[in-house]
Amino acid sequence: MTDDNLAVLASGASARVCRVGDGHVVKIFHAAVSDEMIEREYAAAALAAECGIAVARPVGQVRLKAGRAILYPEVEGPTMLRQLRQRPLRSGAMLREMAAFHRRIHDCAAPGLRSLREVLRTDILYGPADAGLQRAALRLLDGLPDGDRLLHGDFHVKNILMAREGPVAIDWSKAARGPVTPDIVRTEMLMRFGEGPQDWLTNRARDWAARCYADHYRRIAPEHFTQVAEWRAVVALAWLRARAPVRRKAFLAYLNRALGAVGLPLIAG
């Protein structure tokens, strides 16, 4: 493998993915990405593979002139987002499949990964909320249960590849361990308020897709929906730290409803 034979397949905020031949790709991380984040992605993807989850099992870490990278087997197939756009009549079935897939991930234990509680604590402390709201939110967080489940942290329709054998989860750089409920809540928020088109029709479709995913997950595993209101307030507030300015007005309304539901101060628009 040399830097000269890399064909770029996809590019994102933290890395680009390039085909290197022989059925493999490399995910080359941008210079600003920390070594900790790269190690976390490698460890979480390897753990998920050991648990029998459909992932691209990492082959190894490599260092190229272009940057630090992880070598993966290539997974052939479009993203679920692309499939949803191309086959809208199958949207409900695909979103149900997504919920069942997420539940299988949550069946895995991940005692060696970082704690979601500490991730949320850091994001709240370094986020834009005022000190009083931060203190109140951290008290709420301290009273919520912990856990050791495998949490993807960024599970949405662009991070699921629709391979011939079934859906495959990619991009484990935000993985953590903890209780399941906040990972479900984060996926719902990513589907509604994550980066992407913001026209009226797309927003209606995104809201519907998030409800469809969450409703099906609740039907197959109602025990994973505990203290949802409390987790929604904490996760939404933590997301303010690094959230892209997409659907800002709608997200602030969502956040304030979540904060108000558990008696926390609201954020001014």
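FYI, side chains are in, hydrogens and waters are out, and symmetry mates aren't considered; it's all heavy atoms of this structure.
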- Rounded distance [0.5 Å steps], OG in S91 versus CE in M80: 10.0 Å
- Item | R121 and D142: CA distance, side-chain angles, deciding distance, side-chain contact (heavy atoms from CB on, under 4.5 Å) verdict | CA-CA 9 Å; R121 177 180 296 278; D142 287 341; 2.2 Å; yes
- Taking NZ, NE, NH1 and NH2 as the nitrogens, is one of them in E76 or R19 under 4.0 Å from a carboxylate oxygen of the other? no
- Message: Treating H156 as the side-chain partner and L81 as the backbone partner, does any N or O pair qualify as donor plus acceptor under 3.5 Å?
- Response: no
- Task: Give a yes or no on whether a salt bridge exists between R192 and D207, defined as a side-chain N under 4.0 angstrom from a carboxylate O.
- Result: yes
- Query: What residues form a ring pair (Phe, Tyr, Trp, His ring centres under 6.0 Å) with H106, not counting sequence neighbours?
  - Reply: H102, Y217
- Message: Between I170 and Y42, is there shared hydrophobic-cluster membership here, with clusters defined by ILVMFWY side-chain heavy atoms closer than 4.5 Å?
- Response: no
- Task: Output, in order, the C-alpha distance, side-chain angles, deciding distance and verdict of salt bridge (Lys or Arg N to Asp or Glu O under 4.0 Å) for K27 and E41.
- Result: CA-CA 11 Å; K27 183 173 182 179; E41 171 162 338; 2.9 Å; yes
- Using side chain to side chain donor-acceptor pair (under 3.5 Å) as the criterion, list what pairs up with T202, not counting sequence neighbours. D199
- Using atom types as modelled and distance alone, determine if a side-chain donor or acceptor of E74 lies under 3.5 Å from a backbone N or O of V25. no
- For A136 and L264, the nearest pair of non-hydrogen atoms, with its separation, is CB-CD2, 3.6 Å
- Task: May I have the step-by-step check of side-chain contact (heavy atoms from CB on, under 4.5 Å) for L161 and T79, ending in yes or no?
- Result: CA-CA 4 Å; L161 298 180; T79 65; 3.9 Å; yes
- Message: Measuring from atom CG of D183 to atom NE2 of H152, what distance do you get when rounded to the nearest 0.5 angstrom?
- Response: 8.5 Å
- Message: Show the nearest heavy-atom pair for residues V168 and A163, with the distance to one decimal.
- Response: CG2-CB, 4.0 Å
- Task: List in chain and number order the residues that pass side-chain contact (heavy atoms from CB on, under 4.5 Å) with A100, two or more places apart in sequence or in another chain; answer none if no residue qualifies.
- Result: R104, I220
- Do V55 and I70 belong to the same hydrophobic cluster, where Ile, Leu, Val, Met, Phe, Trp and Tyr are linked whenever their side-chain heavy atoms lie under 4.5 Å apart, directly or via other members? no
- Query: After noting the C-alpha distance and the side-chain angles of F251 and W239, does the key distance pass the ring-ring contact (aromatic ring centres under 6.0 Å, His included) rule?
  - Reply: CA-CA 10 Å; F251 177 73; W239 197 22; 5.3 Å; yes
- Donor-acceptor contact present, side-chain D22 to main-chain H24, <3.5 Å: no
- Message: So which atom in P265 and which in L133 form the shortest heavy-atom distance, rounded to 0.1 Å?
- Response: O-CD1, 3.5 Å
- Task: Mind running salt bridge (Lys or Arg N to Asp or Glu O under 4.0 Å) on D215 and R219 for me, showing each step along the way?
- Result: CA-CA 6 Å; D215 288 347; R219 282 195 293 271; 5.2 Å; no
- Which pair of heavy atoms, one from A56 and one from V75, lies closest together, and at what distance? CB-CG2, 3.8 Å
- Cluster question for you: counting only ILVMFWY and a side-chain heavy-atom cut-off of under 4.5 Å, with indirect links fine, are V246 and V235 together? no
- What closest approach, in Å, do E195 and A244 show between heavy atoms, and which atom pair accounts for it? CG-CB, 3.6 Å
- Item | Separation of D154 CG from T187 OG1 (nearest 0.5 Å) | 8.0 Å
- Message: Restricting to side-chain contact (heavy atoms from CB on, under 4.5 Å), what partner residues turn up for P145, sequence neighbours left out?
- Response: Q227, W231
- Answer yes if L113 and I38 sit in the same cluster of Ile, Leu, Val, Met, Phe, Trp and Tyr residues linked by side chain heavy atoms under 4.5 Å apart, and no otherwise. no
- Looking at L240, V234, L140, which hits side chain to side chain contact (heavy atoms under 4.5 Å, CB included) with I124? V234
- Residue list, side-chain contact (heavy atoms from CB on, under 4.5 Å) with E39, at least two apart or on another chain: Q61
- Item | Gap separating the CG atom of L190 from the CZ atom of R186, nearest 0.5 angstrom | 5.0 Å
- Message: When you group the ILVMFWY residues by side-chain heavy-atom contacts below 4.5 Å and let the links chain together, are M191 and M189 in the same group?
- Response: yes
- Item | Nearest-0.5 Å distance, CG of residue L150 to CD of residue E50 | 12.5 Å
- Item | Close side-chain approach of P179 to D146, heavy-atom, < 4.5 Å | yes
- Query: Do side-chain atoms of R117 reach the backbone of L141 as a donor and acceptor pair under 3.5 angstrom?
  - Reply: yes
- Any donor and acceptor pair, going by atom type alone, linking the side chain of R149 with main-chain N or O of D107 inside 3.5 Å? yes
- Note on the structure: Excluding W200, membership of its hydrophobic cluster (Ile, Leu, Val, Met, Phe, Trp, Tyr; side-chain heavy atoms within less than 4.5 Å) reads L201
- Item | Residue pair I184 / F155, side-chain heavy-atom distance below 4.5 Å | no
- Query: Is there a side-chain contact (heavy atoms from CB on, under 4.5 Å) between R232 and V262 once you walk through the steps?
  - Reply: CA-CA 10 Å; R232 181 173 286 122; V262 293; over 6 Å; no
- Query: Are any side-chain N or O atoms of R68 and backbone N or O atoms of V33, one a donor and one an acceptor, separated by less than 3.5 Å?
  - Reply: yes
- Counting distance only, does the side-chain N/O of E188 pair as donor-acceptor with the main-chain N or O of A210 below 3.5 Å? no
- Item | E36, CD atom: more than 12 neighbouring heavy atoms under 6.0 Å | no
- Sidechain-backbone polar pair: N159 side chain, A169 backbone, donor-acceptor under 3.5 Å: no
- Closest approach of T181 to H224 (non-hydrogen atoms, all atoms of both residues): OG1-O, 2.6 Å
- Atom pair CZ (R114) and CG (L151), whose distance is rounded to the nearest 0.5 Å: 10.0 Å
- Item | side-chain contact (heavy atoms from CB on, under 4.5 Å) assessment of M162 paired with E97 | CA-CA 11 Å; M162 302 301 285; E97 189 174 20; 3.9 Å; yes
